[in-house]
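Structure first, commentary second.
Worth knowing before you read on, the calculation uses all heavy atoms, side chains too, and leaves out hydrogens, waters and symmetry mates. Order of the sequence lines fixes the chain letters, A, B, ..., with proteins taken first and strands second; residue numbering starts at 1 for each chain.
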Amino acid sequence: MSQLELRDIRKTYAGAHDETLKGINIDISSGEFLTLVGPSGCGKSTLMNSIAGLETITGGSIVVNGKDISAMEPKDRDIAMVFQSYALYPTMSVRENIAFGLKIRGMPKEEIRQEVERVADLLQISPLLDKKPSRLSGGQQQRVAMGRALARRPKIYLFDEPLSNLDAKLRVEMRTEIKKLHQRLKTTIVYVTHDQIEAMTLADRIAVLKGGELQQLGTPKEVYDTPENLFVASFMGSPSMSFIGVTVERSEAGLSVTVEGNDGRELVLPAPEYLESWVGKRVVLGIRPEHISQPDEQKRDNGMVTEGRFTVEVTEPTGPDVLAVIRLNDIDVQCRLDAEHPVEWGEEAELMFDMRKVVFFDPESEKRIRP
Amino acid sequence: MSQLELRDIRKTYAGAHDETLKGINIDISSGEFLTLVGPSGCGKSTLMNSIAGLETITGGSIVVNGKDISAMEPKDRDIAMVFQSYALYPTMSVRENIAFGLKIRGMPKEEIRQEVERVADLLQISPLLDKKPSRLSGGQQQRVAMGRALARRPKIYLFDEPLSNLDAKLRVEMRTEIKKLHQRLKTTIVYVTHDQIEAMTLADRIAVLKGGELQQLGTPKEVYDTPENLFVASFMGSPSMSFIGVTVERSEAGLSVTVEGNDGRELVLPAPEYLESWVGKRVVLGIRPEHISQPDEQKRDNGMVTEGRFTVEVTEPTGPDVLAVIRLNDIDVQCRLDAEHPVEWGEEAELMFDMRKVVFFDPESEKRIRP
Amino acid sequence: MEHIQRRPAEVARASSDLMDGLQRWLPKLVVAPTFILVGIGIYGYMLWTGVLSFTNSSFLPSYDFVGLDQYAKLLESERWLVASWNLAIFGGLFIGICLLFGVVLATFLDQRIRQEGAIRTIYLYPMALSMIVTGTVWRWILNPSLGLEKLMHDWGWTSFSFDWLVESDFAIYTIVMAAVWQASGFVMALFLAGLRGVDSSIIRAARVDGASLPVIYWKILLPSLRPVFFSSVMVLAHIAIKSFDLVMAMTSGGPGYSTDLPAVFMYAHTFTRGQMGLGSASAMLMLGAILALLVPYLYSELREKRHD
Amino acid sequence: GEVEVLHWWAAGGEARAAAALKEMMEEQGHTWKDFAVAGGGGEAAMTVLKTRAVSGNPPAAAQIKGLDIREWAELGFLTNLDSVADAENWDQLIPPMISDVMKYEGEYVAVPVNVHRVNWLWVNPEVMKDAGVEVPTTLDEFFEVADKLKAEGYIPLAHGGQPWQDATVFDAVALAELGPEDYRKAFVEHDMDVINSDKMEEVFAQFAKVMSYVDDDAAGRDWNTATGMVIRGEAAMQIMGDWAKGEFTAAGLTPGEDYLCAPAPGTAGQFTFNVDSFAMFSLTEDEDIKAQKDLARTILEPEFQTLFNQNKGSIPVRTDMDMGEFDICAQASMETFKASADDGGLVPSFSHGLATTSYIQGQIFDVVTNFVNSSNPDPVKTTDQLAAAIQSAM
Amino acid sequence: MTDVVRSGFRPSRIAIYGVLLLACLVYLIPLIVMLITSFKTPMDIRTGNLLSLPADWTVVGWTKAWSEACTGVQCQGVRGFFWNSFKMTVPAVLISTLLGAFNGYVLSKWKFKGSDLMFGMLLFGCFVPFQVVLLPMAATLGKLGLANTTAGLVLVHVIYGVAFTTLFFRNYYVAIPDALVKAARLDGAGFFTIFFRILLPLSTPIFMVSLIWQFTQIWNDFLFGVVFASGDSQPITVALNNLVNTSTGVKEYNVDMAAAMIAALPTLVVYIVAGKYFIRGLTAGSVKG
Ligand SMILES: Nc1ncnc2c1ncn2[C@@H]1O[C@H](COP(=O)(O)OP(=O)(O)OP(=O)(O)O)[C@@H](O)[C@H]1O
Ligand SMILES: Nc1ncnc2c1ncn2[C@@H]1O[C@H](COP(=O)(O)OP(=O)(O)OP(=O)(O)O)[C@@H](O)[C@H]1O
Ligand SMILES: [Mg+2]
Ligand SMILES: [Mg+2]
């Protein structure tokens with residue numbers, strides 16, 4: 001239940017020639033759930049370590065509830081963290097691992113016991129309490145690591161990819177537990193993940209990092225629907241958004257862009273009015289798979305929806321949906337089709353383009369063109 | 001382009017008291033793409049190692065093109081494998097890693113060079129060719145490991161979770177590359193993954209393992225739509241299928257089952273005719289998230305589709321969709337809603353149940369009740 | 001009003017600063033005793049020796065500086081040249097052969113050998129003996145009239161002759177033999193440990209790639225044991241430099257001074273011949289040579305760590 | 001008080017003798033702290049002594065000999081024994097040639113224990129008889145005899161290939177070839193005219209010839225092993241100091257009957273001496289100083305001199321002793337000692353550190369031992385080397 | 001990795017066993033020579049050869065070496081010196097190992113500016129020939145009043161042993177993930193708590209390596225023992241040296257060999273009993289660099 005401000009955090013590792021964090025500014029309000037995403041090596045763990053006080057920052061300051069804690073020892077910061085690499089104490093049993101932090105802080109024995117059991121129940125690791133970490137599977141270890149953090153009631157929780165090693169089913173369950181936990185405790189949480197769904201579903205806000213720089217900070221919906229730039233757009237969403245170079249044209253019906261299929265057939269797509277100043281210029285059209293689907297009655301009467309026939313190059317049934325690839329302007333474009341109306345690869349299919357949510361980018365600056 | 005038969009493969013590790021593989025029978029036809037899925041520790045890697053000849057099997061035989069190769073040395077089996085742990089040669093550069101197998105087989109220098117470059121291009125690792133593996137990120141290492149296998153033209157490829165460490169975007173790209181590669185080369189491939197989408201999209205057939213036993217072998221569609229048992233049903237699909245205990249009833253309109261919402265409101269769902277013999281008995285209704293959605297005009301006129309109002313407990317927007325949880329018969333049930341018609345948690349929503357694809361299980365044997 | 005409010009915070013900050021300060025200094029405090037001891041015990045004394053090497057100290061230290069005279073004398077001394085050359089031969093052969101034996105034995109022992117534990121202990125036990133004991137035993141075994149040669153003659157092989165110990169051109173090789181006997185088992189242990197530490201999936205990968213067992217060891221495993229090579233070389237170099245005891249027990253530098261090593265030379269001049277200046281100069285040259293060997297190692301060691 | 005005595009008499013008769021000394025001291029109410037460091041002819045002991053001195057904690061007495069005594073005294077470590085010497089009248093008891101060595105700037109700082117004669121030839125009479133030869137008195141005779149012995153399948157000369165043993169033989173050959181006068185010039189005064197002369201080349205040539213009668217396995221052999229070869233009749237002769245007698249005695253042999261002692265060939269009437277001595281270090285405690293002086297006195301008392309020298313094979317340093325209890329070799333030694341002291345045939349042994357500093361001694365050792373062990377020894381070149389070595393060490 | 005290498009009886013395996021057994025023989029011969037010689041009579045030694053068995057087995061050599069042989073004026077064998085060695089070795093081993101453990105901990109987990117340099121300098125310390133430091137060390141010990149005391153000797157062994165122990169521990173701890181230390185710091189543990197509660201319980205293998213190494217090095221040391229120990233506190237190596245380097249009398253090789261065996265016994269026992277921990281400890285990380 002603490003408000004956390006990161007003010008221009010900079011970090012250069014001793015001996016490294018590049019700055020790893022290049023001035024990160026994030027205000028996290030009390031009780032907020034922030035997820036941190038970004039490609040491998042972008043500095044997510046570094047930022048987490050810096051907040052916890054495990055790495056000294058080389059610039060900026062970390063402020064909790066108005067108090068600068070940048071120079072404080074980690075143990076005085078009252079932060080709990082789940083490490084990407086679990087970092088379980090190998091010589092201690094699961095129980096001792098979870099209890100260690102409580103013991104050091106002088107909690108009475110009986111309370112510790114209760115707390116450990118509560119946490120173990122929550123994480124479904126009660127039968128493992130007396131085992132050594134080395135005898136646990138990766139997923140079990142990860143839950144113990146989480147238990148160690150959850151046993152405490154710190155001001156702030158830091159989770160560094162806490163679910164990455166769980167199998168799909170358990171992962172969904174744990175995700176739900178974390179969500180419930182947050183709703184109950186309302187503790188401030190910073191959460192690193194490389195899982196799209198996790199990032200989208202858990203977060204109040206998402207911070208997208210790249211190369212030590214903050215690319216975008218916003219609610220999941222903002223980040224997904226209105227990415228600031230090409231990088232964010234391509235990073236969020238799986239399969240990712242497809243990018244097609246097009247020229248903005250003006251016709252009687254309004255602005256439009258034209259795409260050309262594999263067989264040379266052209267399709268004119270309606271474009272939003274805010275591209276007015278781009279008429280005649282090249283822009284990048286960003287379109288997500290779910291924006292290209294099989295014709296749907298309900299959407300058809302919208303001015304921003306068009307249909308066209310294209311040859312499907314690849315189809316991939318995923319279970320609930322079928323992912324298909326078509327080529328537009330010589331670029332592979334992903335579409336998401338309904339699993340109930342299967343299309344074989346090589347066939348032609350009637351596809352509906354929903355242009356209401358597509359985004360456009362300036363090809364030079366790679367920034368999104370704002371309405 | 002080889003046909004591979006696994007005949008009653010058994011494997012007990014020296015010193016272990018349990019059998020790790022308990023008689024696996026799979027026929028893989030020439031050019032087929034088989035994916036192997038199953039929870040951690042179920043024996044997937046063991047099976048792969050056995051095929052490659054790296055573990056001696058304790059029972060059964062491995063037959064390639066009609067020839068029993070069970071006793072052959074790995075180097076004589078003409079199989080290429082990508083290891084779960086990459087297993088890159090730490091002292092060799094990326095180039096040497098990829099070239100090693102070719103060199104050993106006496107390919108001329110110039111050809112090796114070309115082949116390495118071709119593979120590196122394909123995997124987007126050309127700039128890394130002269131680096132040592134220790135200087136690469138996890139994802140880069142994994143691609144090198146793949147390159148090492150792809151540089152060869154073996155009878156059979158074995159891939160053990162080859163994409164697990166790539167970020168979402170690259171993963172999708174690599175998946176597509178593998179798919180294309182397979183379409184071009186038509187080499188027999190056995191592929192282990194824990195990624196649902198990968199398993200579904202790549203495979204000609206999927207083999208689901210659990211505890212060293214084959215649970216189901218079938219096309220992705222078969223496995224997804226008609227899982228043999230509760231385990232397969234729960235394992236495939238993310239979020240996974242929800243299982244609701246219900247009693248089969250007979251009414252005028254035909255067979256039906258009744259579910260009860262959180263607030264006590266009941267909804268009668270139509271059930272298929274093949275449950276005739278189960279009337280009055282308990283069965284488990286397996287229903288996938290995508291079978292519960294917001295009302296859709298197109299589907300409404302089907303007899304197997306019903307609607308009801310339920311309170312949404314949790315909502316999780318994932319980008320393209322919103323995952324919601326409702327409670328039916330005191331069980332959390334996942335539904336997949338359209339991102340465009342958001343529902344807040346705590347609200348009531350009108351939901352449509354598409355009973356055409358739901359499955360029913362015998363609660364005793366946990367087997368699916370077949371039509 | 002404002003400053004009154006701030007006070008307690010400041011006090012708290014000050015006291016926590018004190019604790020923090022202590023925490024921050026603790027690591028340095030903990031290593032300090034060692035570094036003081038080593039600083040004096042190694043570097044202080046080395047400096048002192050360096051100073052002495054520029055004096056004409058004879059019987060005990062004195063401080064009449066004579067510039068580089070002692071070094072000049074040293075380079076003219078035939079005995080010093082023999083000693084240095086011997087160190088090169090001895091060090092090179094000792095380290096080389098130990099590595100070879102260590103690698104071969106470790107490789108062989110790695111092949112799922114029955115009774116591996118017992119064999120390992122047999123290879124390792126010589127390391128437990130002091131060099132004095134090793135020297136005494138080997139001197140006895142190699143002595144033509146008492147040892148091996150006599151044994152062979154007793155067994156009827158009368159033409160057998162092995163008299164290296166008493167041949168000034170070969171005596172140094174007998175020292176190599178004894179030293180190898182003593183240390184090669186240890187190197188074997190290092191390599192065996194290294195081999196056991198190699199990720200087994202790498203070997204699997206190589207087998208699938210079509211490599212045969214010898215190729216796997218030669219091309220994959222041994223190259224990846226580079227750090228073990230370095231550790232071994234370090235330990236062996238340490239032993240080589242300290243093999244003073246062995247030489248004294250086996251040949252006392254003889255026949256003549258054909259098995260002299262720099263350490264023996266230094267010792268003789270410093271302590272028995274009353275030529276402390278010359279002895280110090282020889283010590284300095286020795287240290288210089290070690291430094292030349294060690295610095296590249298440390299450099300590569302530290303550089304490698306950075307890339308992990 | 002307590003006396004700590006650093007010595008390298010670790011075993012055998014020597015140790016027994018030292019034990020006797022210990023007893024005598026304890027009878028006088030002192031404690032004896034034994035500090036034995038064996039090996040390498042006292043090399044290890046010297047190292048220990050130096051470090052002990054440097055640490056400011058030297059023993060009361062230490063076995064130091066020859067010119068080293070002067071060096072220690074020069075550094076101010078040694079104490080003045082004149083009070084004991086005057087009371088006991090040492091100047092009268094000890095020949096000046098030896099007492100000089102014990103003194104620094106005219107004051108006694110060390111006590112001599114014994115006198116060894118180095119230029120002895122030890123002979124197994126059985127072997128000689130078997131080969132039909134007599135004990136040689138000159139080098140030429142030696143070569144003749146040796147040739148015959150060799151022909152009979154004996155090893156003519158038993159020897160251990162250690163630098164100091166090489167030097168011991170060289171010592172004897174040099175004395176025989178150069179005569180006492182030039183020997184002194186060369187090895188005590190380091191007169192370059194003698195060192196770098198034809199005579200010296202001749203010495204090396206003869207030395208090489210002597211060494212050619214040594215067996216092939218000599219390298220590294222201990223001197224007493226070599227003596228054992230004479231005792232067992234494998235070898236006929238050995239050139240070694242009179243400490244070799246201890247080995248014969250231990251084997252239960254009687255001098256003059258079972259084995260013979262003769263002057264090394266060509267050195268009859270001449271005497272290369274080697275004196276063991278204890279240097280006395282400055283101490284602080286009065287009690288200990290008293291004990292130290294008692295020790296000095298006790299060492300020179302006839303009782304100890306007899307006991308010790310009988311065990312060690314040497315002769316007493318006191319010329320006034322009754323030699324009746326000694327064996328014939330010792331008696332002969334004493335006679336020659338007294339006679340040569342008068343006629344100038346008495347020379348300090350360079351090979352045992354009585355003639356020159358340890359540095360020059362070491363340099364000579366290096367040249368000599370290298371000469372012995374080189375595959376084609378060249379007397380001319382080696383003479384040059386010897387000159388250069390001595391020159392550089394002066 | 002042994003699991004990957006398949007066993008079977010091919011000719012190559014016979015060759016491998018052949019080489020290994022031959023090597024065993026070579027390694028064992030000196031020990032056998034020592035052992036059988038120590039049970040012979042001096043007569044036997046002269047008439048027999050290296051490997052001939054004793055005509056009649058006798059333990060005279062052993063009893064003499066243990067309690068009768070002269071090592072100076074005393075003729076009480078090496079018995080007393082045996083305990084001297086223990087008195088010196090045990091504290092020196094423990095102290096140097098503990099210091100090494102702490103140093104290794106700091107140099108791997110609490111690096112500070114210059115700590116790598118310090119480590120390098122420490123490593124270099126392994127290579128100083130000990131003869132060089134005798135005199136200045138003697139002077140220092142004299143000034144400290146530790147000359148000729150067991151404490152002084154222990155100090156010397158600690159100084160020249162700590163470089164190796166530090167090297168062992170540092171290389172071992174480097175392989176332990178930093179994240180453990182980080183996690184403990186977040187859990188509120190301080191410098192010492194982390195060491196004692198987290199790292200120390202993990203350190204058994206490397207402690208074994210360090211203890212074994214130091215024990216052999218210190219037990220077998222002669223130079224420091226002879227120089228820095230006074231008369232009656234000399235370690236067994238010095239006694240052995242005095243005993244073996246007899247200057248007169250017939251060499252009693254059986255006594256020499258028995259004394260050598262006695263001197264080597266503790267280290268041999270340590271190697272044989274703890275040898276497997278040694279390999280295990282090395283495997284656990286100290287080799288890596
Ligand atoms: N101790 C260190 N010293 C030097 N550079 C480091 C250190 N730790 C990390 N780095 C570098 O800093 C960068 C950021 O690393 P960080 O671990 O924060 O990445 P990340 O975003 O957590 O990646 P991942 O998703 O793979 O966990 C990387 O380039 C990495 O190589
Ligand atoms: N060398 C071995 N010795 C004994 N048991 C082993 C060995 N290797 C694996 N096992 C056991 O065999 C079982 C199957 O292991 P395997 O590696 O095949 O699992 P997996 O299905 O690949 O799991 P994951 O998805 O985690 O990679 C596990 O219970 C494991 O503990
Ligand atoms: Mg990270
Ligand atoms: Mg696996």
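Note: C:Leu124 leads C:Leu124, C:Leu52, C:Thr49, C:Ile40 in heavy-atom pairs under 4.5 Å with chain E. Between chain C and the residues E:Leu268, E:Leu99, E:Asn103, E:Leu107, the largest count of heavy-atom pairs under 4.5 Å involves E:Asn103. The most heavy-atom pairs under 4.5 Å with chain E, out of C:Ala263, C:Ala128, C:Pro126, C:Ser201, come from C:Ala128. Contact count versus chain C (heavy atoms, under 4.5 Å) is highest, among E:Thr140, E:Val33, E:Leu31, for E:Leu31. Between chain C and the residues E:Ala260, E:Pro129, E:Ala259, the largest count of heavy-atom pairs under 4.5 Å involves E:Pro129. Chosen from E:Leu135, E:Ile272, E:Thr237, the residue pairing most often with chain C at heavy-atom distances under 4.5 Å is E:Leu135. Your options are C:Thr270, C:Thr121, C:Val30, C:Leu105, and the one with the most heavy-atom pairs under 4.5 Å with chain E is C:Val30. Considering only heavy-atom pairs separated by less than 4.5 Å from chain C, the leading option among E:Val106, E:Val158, E:Thr166 is E:Val106.
Here the shortest heavy-atom pairing between E:Tyr17 and C:Arg112 reads OH-O, 4.1 Å. Nearest heavy-atom pair, C:Trp138 versus E:Pro30, reported as atom, atom and distance to 0.1 Å: CZ2-CG, 3.7 Å. The heavy-atom pair separating C:Phe271 from E:Gln131 by the smallest distance is CE1-O, 3.9 Å.
Atom CG of residue E:Leu265 and atom CG of residue C:Leu129 lie 10.5 Å apart, to the nearest 0.5 angstrom. In this structure, the separation between CD on C:Gln115 and CG on E:Leu20 is 12.5 Å, given to the nearest 0.5 Å. Atom OH of C:Tyr45 and atom CG of E:Leu134 lie 10.5 Å apart (nearest 0.5 Å). To the nearest 0.5 Å, atom OH of residue C:Tyr43 and atom CG of residue E:Leu122 are 7.5 Å apart. Here the straight-line distance linking atom CG of E:Leu28 with atom CD1 of C:Ile122 works out to 4.5 Å at 0.5 Å rounding. Rounded to the nearest 0.5 Å, atoms CE (C:Met127) and CD (E:Gln217) are 6.0 Å apart.
Ring planes of C:His238 and E:Phe164: perpendicular class, angle over 60° (limits at 30 and 60°).
Between C:Tyr125 and E:Thr267, the side chains place no donor N or O within less than 3.5 Å of an acceptor N or O (distance only, hydrogens not considered).
Contact of E:Met34 with chain C is made through the side chain alone, with heavy-atom distances under 4.5 Å. Using a 4.5 Å cut-off between heavy atoms, C:Ser184 touches chain E through backbone and side chain atoms alike. Of the atoms belonging to C:Met234, heavy atoms from both backbone and side chain fall under 4.5 Å from chain E. Proximity to chain C is limited to the side chain of E:Thr37, based on heavy atoms less than 4.5 angstrom apart. With a 4.5 angstrom heavy-atom cutoff, C:Leu225 does not touch chain E via any of its atoms. For E:Val133, the parts lying under 4.5 angstrom from a heavy atom of chain C are both the backbone and the side chain. Looking at C:Tyr123, the atoms closer than 4.5 Å to chain E (heavy atoms on both sides) sit in the backbone and in the side chain alike. The part of E:Phe192 that comes within reach of chain C is its side chain, from C-beta onward, which places non-hydrogen atoms under 4.5 angstrom from that chain.
By the salt bridge (Lys or Arg N to Asp or Glu O under 4.0 Å) test, C:Asp245 pairs with no residue at all, sequence neighbours left out. Listed by chain and residue number, nothing satisfies the ring pair (Phe, Tyr, Trp, His ring centres under 6.0 Å) test with C:Phe101 (two or more places apart in sequence, or in another chain).
Side-chain contact between E:Trp110 and C:Val31 is absent, with no heavy atoms from C-beta onward closer than 4.5 Å. Looking only at side-chain heavy atoms (C-beta outward), E:Asp256 and C:Thr136 stay at 4.5 Å or farther from each other. Side-chain contact between E:Phe222 and C:Met248 is absent, with no heavy-atom pair separated by less than 4.5 Å. Between C:Met266 and E:Val132 there is a side-chain heavy-atom pair separated by less than 4.5 Å. Side-chain atoms of E:Met121 and C:Val38, non-hydrogen and from C-beta on, never get closer than 4.5 Å to each other.
Between the side chain of E:Tyr160 and the main chain of C:Gly41, a donor-acceptor pair closer than 3.5 Å is present. For E:Tyr105 (side chain) and C:Pro27 (main-chain N/O), no donor-acceptor pair under 3.5 Å exists by modelled atom type. In terms of modelled atom types and a separation under 3.5 Å, the side chain of E:Asn220 and the main chain of C:Met131 share no donor-acceptor contact. The main-chain N or O of E:Pro136 is never found under 3.5 Å from a side-chain atom of C:Trp48 such that the two would form a donor-acceptor pair. With hydrogens and angles disregarded, a donor-acceptor distance shorter than 3.5 Å links the side chain of E:Arg13 to the backbone of C:Gln111.
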**OP:** Kindly determine whether E:Met257 and C:Trp140 satisfy side-chain contact (heavy atoms from CB on, under 4.5 Å), including the steps that lead there.
**Re:** CA-CA 11 Å; E:Met257 289 299 159; C:Trp140 214 43; 4.0 Å; yes
**OP:** Kindly indicate, with the supporting measurements, whether the criterion side-chain contact (heavy atoms from CB on, under 4.5 Å) is fulfilled by E:Trp219 and C:Ser130.
**Re:** CA-CA 8 Å; E:Trp219 182 274; C:Ser130 85; over 6 Å; no
Original post:
What's the verdict on side-chain contact (heavy atoms from CB on, under 4.5 Å) for E:Phe127 and C:Met286, showing C-alpha distance, side-chain angles and the deciding distance?
Top reply: CA-CA 10 Å; E:Phe127 296 90; C:Met286 230 171 120; over 6 Å; no
Subject >> Test side-chain contact (heavy atoms from CB on, under 4.5 Å) applied to E:Ile16 and C:Ile113, step by step >> reply: CA-CA 9 Å; E:Ile16 286 172; C:Ile113 296 299; 4.0 Å; yes
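No close placement of the E:Phe191 and C:Trp25 rings is indicated, their centers lying 6.0 Å or farther apart.
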